[in-house]
Structures are given as structure tokens and as C-alpha cells.
Amino acid sequence: MKSIFLLLCALLALATPAKAEETERDTYRHLETFANVLSILQNNYVEPVDSEKVIEGAIKGMLASLDPHSSYMRPEDLKELQVETKGSFTGIGVEITIKDNVITVVSPIEGTPAYAKGIKAGDKILKIGDESTQDMSLTDAVKRLRGEKGSEVTITIMREGRGETEEITLTRDVIPLQSVKALMLDNDYAYARITNFQAKTAGDLAAAIDGLGKSATIKGLILDLRNNPGGLLDQAVRVADLFLEEGIIVSTKGRLEDQTVVYRAHSSGTNYRFPMIALVNEGSASASEIVAGALKDQKRAIILGVQTFGKGSVQTIIPMHNGAGLRLTTALYYTPDGTSIQATGIVPDIEVENQPVVETIASPDDKVLRERDLKRHLENEQETAPQENVEPTEQIPGEEEPGQPVPMPVTAETVAQDQQLYTALLILKGVNVFGTLQEGD
């Protein structure tokens, strides 16, 4: 029992800085209560108690009480996280979070089984197979959704606006982590989509743009960040740096000195100078919000679409001696103007709701899922009052057109079917015409 008590004390010291002496006494008194409860369980519970299992459950509960993004990662969970940012994995292809203790889709990954089956942001996954997801952890849900290529998994979903649940059977496949797609749309206007931020995203984006032709011939770029759930911070910074020559890209502020960092742009030969529009929607979160916020505040690009998800917190993986890890929220992101992204997101310069590309059944009462809808989300201290009439968007439908604005695979022929993309292209063309007229004057 003493070793268990010391383990809990060590975890406490790792997770939080030293506090005042009185607070420490209170903390150790609570830890003693925990040790007493464990002792009572071991001596009185109807069946033998696996101490390791119940302590792991207590650790998970402790972290789950903080915010939706902090969690305890078992050794196998930590390995899976490392795989996600480097290679590929086998599953159905969805980014998920927890809302109201139910696994909820943040956004489907384009070109995956989930995307092909019409899974949408905001869909609540009530069951995976025969197992309810009520109170299921994210890591457990991920493990159940993944599996061997070709194997099937059935999920039961509930979608806002529908009165009944729906069972969908998906065949697992390799989910490639190719994060950049690019093509030339029309008359030297380029389009590049980033699906998430991985280890090579910035380099892949530069190569993709250069592959479209000399940047001097590109009249404008549409950078599509819609339904991009985020990824690696350093890659978000490097992507923004491709288009900025100076100034702040993003800053992070935490309780510890080394968690307060300012990331700045650098002048280099890779800077692109053509006009830009960045597309965002309710499924744009975290790293994609960093890029959009930097381009907006630095007035480098017009941000078009709908309000983003609002995940403005930094998670740090702290390794444990047993191969496990603590995924802790350690800081908050701030845009160059000092605005916190947390629970508010990025408000576009031009708001354009997207028309659904695929047939959907939805209700005007559909509500957009945002970071601020998640239980125990971190509050944004910059907000002085709750926003009214802001039901717009996050990672699901829009308030006026509740169909899911998931961008379809883009080709030069399908641009007109994507309202946000079509509007962005018209604006870019207008910018060039206006610039030509100014030069003529």
C-alpha cells in the first residue's frame, strides 16, 4: 500500500508544480483518503481487486476531470499516436472527440471508408459493434474502430435532425497520411488542400505548389483547411511561414516559463507572394486554426467560410517510466493579435455557408459542434459575455443550410458545386482585376 501511495504522489508531482505548504497538506490528505478507499476495496469487495487495474482507472478519471483533451495513454495507445503522425494506420478514417460522454465525430478524413459512407461531423457514435460508447474513452474507441484491412466494423450513429439511429457497416482500410493535395483550377489559379498536419506537411505543400508551375505564374492560391482537425504544431508554423516574411505566427502561454513561446516568421526564398484565400469551416481545428489565424491577423490572406471549431489548447505528451504517457493540456494558443483561439475559433473575414454536395437529411434545428460544447472545456478568459445568435458553424452544418459542408474531391469541373470554393475563386479573380486597374491608373 505504501508503494501505491508513493506512486500517486510521484504522479502528482509530475503533473503539477509545487504549491503552497497548506495546499500540499490538503493534497496529501486526499491521497491518503484514496489509499484508504483502495484498501477497503481490496479487503471488502465481493471479488478480488486488481490493484493495477483500479489505479489505472483512477488515473484516467483524474485526467478526464480536467478537460476533454487530457488523458492517460497506455503504452500501446502512445505507440498508436506516434504512428498517426508518421505513417499510416488501418481503420475507418474519422477524427473523434467526446461530447456529453458520447464519442462524437469531429470530421471524416477525405478519401476514407467513413467519408465514402457519408459519416459527418457532429454524428454521435452511440455503439461500436454491440458495445455502447457511453463513458468510453477516446483511446478505447480508437482501438475498437481500428483493425485489420478488409475487416468490418458496424457503428450506430445518431445525427441531429433525425429521429432514429442508423447502423452503418464500414470495411476498414489503410488510412494514408498524405496530407496535401493540389491542382490548378482555372487560368493559373492554384488550389491546395491540407487534410491534417503531419511530419512532412510543410515540405509537401511547397513541393505541391511548385509542381503546379513557377510561383510567378500563379495568380492566386486557395488554401483549403476545411475539416482539417489539426496535427503537429511545428508543421502549422512552417506552413504559415511559407506565406509570411516576418511577424508572429502564433504564441503559446502556459503556467511554466518553457510553455510560453512565440513563433515568428522568417524571410526565405520559399515565400510566396501571390494573393491568397484560406477556406475554413466548423471542422477546422487546432493547427489549421493556427494557420488561418496567422494569415488573417497578418492580413496575408482572406479567410472565407464559417467559424472554426475553437480548439486553442496545447497538449504535451509526458512519457512515463512504464512506457505509458500523460497527454496534458499545458498551454493555450494565441493568434498574432493576441486573441485566444480556445472555445471561440477563427471568425472568417467573409462568411459563406456551403451548400451540401451530397444528399443529406437534416433539420433547421441542427446545432454545430464546437469546442465550447464539450464538457469541461477550458474557458476563454478574453470573452466578456456569451455570444448571442452564434450558432453558425464548427464542424458540422451551417445554421441556415444545415447540410454538412464536407468538401468533395475537387477537380476543375466540380468547383461550381462547392459554394465556398467557387466564391473564393471569384474573389481571387476580382482581386487580380482590381490590381490591374490600379496599376493602369
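- Listed by chain and number, the residues in a side chain to side chain donor-acceptor pair (under 3.5 Å) with R327 amount to none (sequence neighbours excluded).
- The number of heavy-atom neighbours closer than 6.0 Å to CG of D135, taken from other residues, nucleotides and ligands shown, is above 12.
- The side-chain contact (heavy atoms from CB on, under 4.5 Å) test applied to S137 returns T139, D140, not counting sequence neighbours.
- Not counting sequence neighbours, the partners of A202 by the side-chain contact (heavy atoms from CB on, under 4.5 Å) test are Q235, R238, V239.
- Counting only N and O atoms by type, the side chains of R226 and S284 include no donor and acceptor under 3.5 Å apart.
- The side-chain contact (heavy atoms from CB on, under 4.5 Å) search around T171 returns E152, not counting sequence neighbours.
- In this structure, the side chain to side chain donor-acceptor pair (under 3.5 Å) partners of S70, at least two apart in sequence or on a different chain, are D67, T329.
- Interatomic distance, L223 CG to R300 CZ, rounded to the nearest 0.5 Å: 10.5 Å.
- Annotation for D241 and R264: closest pair OD2-O, 4.5 Å, computed over non-hydrogen atoms.
- Residues forming a side-chain contact (heavy atoms from CB on, under 4.5 Å) with A208 (at least two apart in sequence, or on another chain): V180, A182.
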Exercise. Starting from the C-alpha separation in whole Å, work towards a yes-or-no answer on side-chain hydrogen bond (donor to acceptor under 3.5 Å, both in side chains) for R172 and T90.
Key: CA-CA 6 Å; R172 297 182 179 97; T90 304; over 6 Å; no
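- K429 pairs by the salt bridge (charged side-chain N to carboxylate O under 4.0 Å, His left out) definition with D186, not counting sequence neighbours.
- Side-chain contact of E131 with T133: a donor-acceptor pair under 3.5 Å is absent, judged by distance alone.
- Shown are I168, I155, T156; of these, the side-chain contact (heavy atoms from CB on, under 4.5 Å) with I125 is made only by I155.
- For the 3.5 Å distance criterion, the side chains of T201 and S179 qualify, holding a donor opposite an acceptor.
- Looking at residues two or more places apart in sequence or on another chain, you find a salt bridge (charged side-chain N to carboxylate O under 4.0 Å, His left out) between K60 and E56.
- Checked against side chain to side chain donor-acceptor pair (under 3.5 Å), T260 has no partners two or more places apart in sequence or in another chain.
- With a 6.0 Å cutoff to the six-membered ring centre and a 45° limit on the axis angle, K253 counts as a cation-pi contact of Y334.
- Under the rule for a salt bridge (charged side-chain N to carboxylate O under 4.0 Å, His left out), K124 has no partner lying at least two apart in sequence or in another chain.
- No side-chain donor-acceptor contact under 3.5 Å links D77 and Y72.
- Taking all atoms of both residues into account, the shortest heavy-atom contact from A141 to I128 is O-CD1, 3.9 Å.
- In terms of the side chain to side chain donor-acceptor pair (under 3.5 Å) criterion, Y263 has no residue partners (sequence neighbours excluded).
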